[in-house]
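Written below as structure tokens is the structure these notes are about.
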Protein chains: 2
Amino acid sequence: MARCSVRYAGRLESRLDEALRLIMVKADGCVAIHADGGAYKPLNWMNAPNSLAVADGEWIVSNTKGETLTITLHEVLMDSEHHLGEDPGLAKDGVEAHLQELLAALPHTIEEGLTLIRREHATAIGPVDLLCRDRNGMTVAVEIKRRGEIDGVEQLSRYLEYLNNDSSLTKEHGAVRGIFVAQVIKPQAKTLASTRGLGCVEVDYDALRGAKPDELTLF
Amino acid sequence: MARCSVRYAGRLESRLDEALRLIMVKADGCVAIHADGGAYKPLNWMNAPNSLAVADGEWIVSNTKGETLTITLHEVLMDSEHHLGEDPGLAKDGVEAHLQELLAALPHTIEEGLTLIRREHATAIGPVDLLCRDRNGMTVAVEIKRRGEIDGVEQLSRYLEYLNNDSSLTKEHGAVRGIFVAQVIKPQAKTLASTRGLGCVEVDYDALRGAKPDELTLF
DNA sequence: GTGTATATCTCGGGG
DNA sequence: CCCCGAGGTATACAC
């Protein structure tokens, strides 16, 4: 805890005038300077790996990209050190990967008669979440998001543009169409999807999980 | 500093097994739980506004959206409180807004003969950074980024699609074309821009600032 | 290393 | 409140 002023020069330049702040240095060397409010993001920081030079009330933290964080200490209120050891880490449930996993197992919940061809179908411009076949034999690209917003529609549009230029896919089954799947889809995203000729489906994560309680108990 | 285990239930669910961690509570009530590494992002957190219920070695932090963070304290190593007061705040230079400001004052550096019509031209799908007129009287939409990547090209494409459906603009001056401006533009973004018929211009922030040293000394 | 997508993104501005 | 865009985004993962 210290009264300090700070300067950062790197990807941009910034300046912090003198005030009381918390300076946190972690075991990996990363540095964060926190005010007494404003959520978890520090005012300034320097990620590991970096090097710390301490000299006469001034800390200079620099990394290999030529970025520097200069902390001038005007008054130190408290200086405390603790060794925490390795953290067992955070276990999560409900991220996009889990939603994708469920939908890959239950493609018919997206659209009746839909079957899975491949998950994470690789293309030069990124992976297509699900590649499916519909009841009429048409190929369907599915983009999955937890929250359906405009950039997800753009992403699906890009994939379709790419897939429809891939003759190995189209010569046998014709054009590829797209379905945008999310737990909630914002009105703007729905509008854009419809002007692009894309389908929109909203799904319920808990209901999906309930449909496969045996093998998908992640928690 | 405490040996603790944590559970979060809200936008997703997560679990942290027992370990030594730093628990930070700021003046606005926000809570963050840090491991001894891993940059500035905490393992778990709860933003303000929230309410904290303390009961017998267990903290329950909840907000109005029904999210809860449950911290079980197994052993407290240190408990320290400091009042830091208001922070004077962070002053920045070199963000996109400054680049836009410079380019609005110096549109001819993007393309010879280009003049500014309007900055932050509002549309239903978001603001167009610069709307300009070229030497031939054609309307030009300019999208500005610090770093030119694919999503910036998508953004500009969306705006052009919208503007070219706006008859009040097109009936007098014809179609609107687009220029993508950034300090550096990635090869992929250049390729996509060219297939979409968009211009690409890379600009030098420091050189631009040098061209207007009088009124634009921000720092 | 670049390129792409995700995030309890965070944060701020405008309607 | 939502929508939209910027961020020193950070972070993970594939190529």
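Proteins get letters first, then strands, A, B, ... in listed order; numbering begins at 1 in each.
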Nucleotide interval of DNA chain D bounded by contacts with chain A (heavy-atom cut-off, under 4.0 Å):
D:dC3 to D:dT11
Shortest non-hydrogen separation from A:Ala182 to A:Arg146 and the atoms involved
CB-O, 4.0 Å
Using atom C1' of each nucleotide, how far apart are D:dA10 and D:dA6 to the nearest Å?
14 Å
Could you give the distance separating C:dA5 and D:dG8 at their P atoms, to the nearest angstrom?
22 Å
Are A:Lys145 and A:Gln183 linked by a side-chain donor-acceptor pair shorter than 3.5 Å?
no
Looking only at heavy atoms, what is the nearest atom pair of B:Ala141 and B:Leu160, with distance?
CB-CD2, 3.9 Å
For C:dT8 and D:dG5, measure between their P atoms and round to the nearest Å.
22 Å
Result block: side-chain N/O donor-acceptor pairs under 3.5 angstrom for residues 33-43 of chain A, not counting sequence neighbours:
residue: A:His34; atom: ND1; partner: B:Lys26; partner atom: NZ; Å: 3.1
residue: A:Asp36; atom: OD1; partner: B:Ala27; partner atom: N; Å: 2.7

Quick one: side chain to side chain donor-acceptor pair (under 3.5 Å) partners of B:Glu111, sequence neighbours excluded?
B:Arg177
For nucleotides 5-15 of chain C, give me one character per nucleotide, 5' to 3': B if any protein heavy atom sits under 4.0 Å from the base, S if the only such contacts are to the sugar-phosphate, - if neither.
SSSBSSS----
So, using side chain to side chain donor-acceptor pair (under 3.5 Å) as the criterion, who are the partners of B:Asn47 when residues are at least two apart?
none
Can you see which heavy atom on A:Ala104 is nearest to which on A:Leu116, and at what distance?
O-CD2, 3.7 Å
For DNA chain C, which residues in residues 183-193 of chain B have a heavy atom at a distance below 4.0 Å?
B:Lys186, B:Pro187, B:Gln188
Look at atom CD of B:Glu86 and say whether more than 12 heavy atoms of other residues, nucleotides or ligands are closer to it than 6.0 Å.
no
salt_bridge(A:Arg196, B:Glu161) N-O dist < 4.0 Å:
yes
